[in-house]
Amino acid sequence: MGLTSSFHPEEPCTESQGICTLLESGGEPEVSDSVLDAIDDFLVALAVPSRRIDNLETFNQGSQIFKDIGCESCHRETLSTGTFERFPILNNQKFYAYTDLLLHDMGVGLSDGAKEGNAEPTEWRTPPLWGWV
Ligand code: HEC
């Protein structure tokens with residue numbers, strides 16, 4: 001979002017964003033560590049979407065097909081949390097997010113022509129499928 005913080009202290013204005021360098025800064029940094037910690041605590045504590053299984057039989061069939069045709073090689077069924085000093089209740093929790101959280105080269109058909117961080121224009125992170133649709 002272009003806000004500076006102790007993680008990203010530099011104003012990320014590019015040459016094509018001329019007005020960006022003219023605007024007044026919202027502070028040094030714009031987002032303080034205490035605000036960052038508060039937002040981080042809020043996001044860490046958000047609940048995961050609950051499963052909406054109307055019909056267990058078709059759910060199980062679909063789940064098997066999903067695995068059989070290879071979707072799970074990237075949309076990994078389960079991941080596990082690590083350990084959190086601030087939130088021990090979240091330690092080592094298994095969750096069903098259907099992602100490997102990794103970047104994959106999805107080919108030129110999905111290229112947006114923009115390199116972002118270490119991601120090439122054809123690379124995309126596997127999105128979690130939980131709560132999808
Ligand atoms: C090679 C790894 C890989 C495999 C295998 C794979 N996906 Fe994906 N999937 C991705 C990536 C990466 C994206 C994000 C693409 C993008 O952002 O343009 C994605 C996006 C999606 C989305 C859109 C999610 C959203 O939030 O927009 C759905 C739905 C999906 N995949 C379902 C499937 C299904 C079903 C299969 C099996 C037929 C499958 N995927 C196989 C990597 C994979």
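Both ligands and their constituent atoms are indexed starting at 1 by order of listing. These values consider heavy atoms only, across backbone and side chains, with no hydrogens, waters or symmetry-generated copies.
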Where does the angle between the aromatic ring planes of Trp130 and Phe95 fall among parallel (under 30°), tilted (30 to 60°) and perpendicular (over 60°)?
tilted
Show which atoms of ligand 1 fall inside a sub-4.0 Å distance from at least one heavy-atom site of [X].
{"X": "Gly70", "result": "5 (C)"}
{"X": "Ser73", "result": "5 (C)"}
{"X": "Ile69", "result": "38 (C)"}

How close does the nearest protein non-hydrogen atom get to [atom], and which residue and atom is it?
{"atom": "atom 34 (C) of ligand 1", "result": "Cys71 SG, 3.4 Å"}
{"atom": "atom 19 (C) of ligand 1", "result": "Pro127 CD, 3.4 Å"}
{"atom": "atom 2 (C) of ligand 1", "result": "Cys74 SG, 1.9 Å"}
{"atom": "atom 25 (C) of ligand 1", "result": "Trp132 NE1, 3.1 Å"}
{"atom": "atom 42 (C) of ligand 1", "result": "Met106 CE, 3.6 Å"}
{"atom": "atom 28 (C) of ligand 1", "result": "Leu129 CD2, 3.6 Å"}

Sub-3.5 Å donor-acceptor pair from the side chain of [X] to the main-chain atoms of [Y], do we have one?
{"X": "Thr4", "Y": "Glu11", "result": "no"}
{"X": "Glu72", "Y": "Glu77", "result": "yes"}
{"X": "Glu123", "Y": "Glu120", "result": "yes"}

Hydrophobic cluster identity match, Phe87 and Leu46, side-chain contacts under 4.5 Å:
no
Is Leu43 reachable from Phe7 through a run of hydrophobic residues whose side-chain heavy atoms are each under 4.5 Å from the next?
yes
Which option, Tyr98, Trp130, Trp124, owns the non-hydrogen atom nearest atom 16 (C) of ligand 1?
Trp124
Result for side-chain contact (heavy atoms from CB on, under 4.5 Å) between Thr126 and one of Met106, Arg76, His104 points to His104
Closer than 2.8 Å to atom 8 (Fe) of ligand 1: does that hold for any N, O or S atom in His75?
yes
Spatial distance of atom CG (Asn60) from atom CD1 (Ile53) [nearest 0.5 Å]
7.5 Å
Could you establish whether Arg125 and ligand 1 come within less than 4.0 Å of each other, counting only heavy atoms on the residue side?
yes
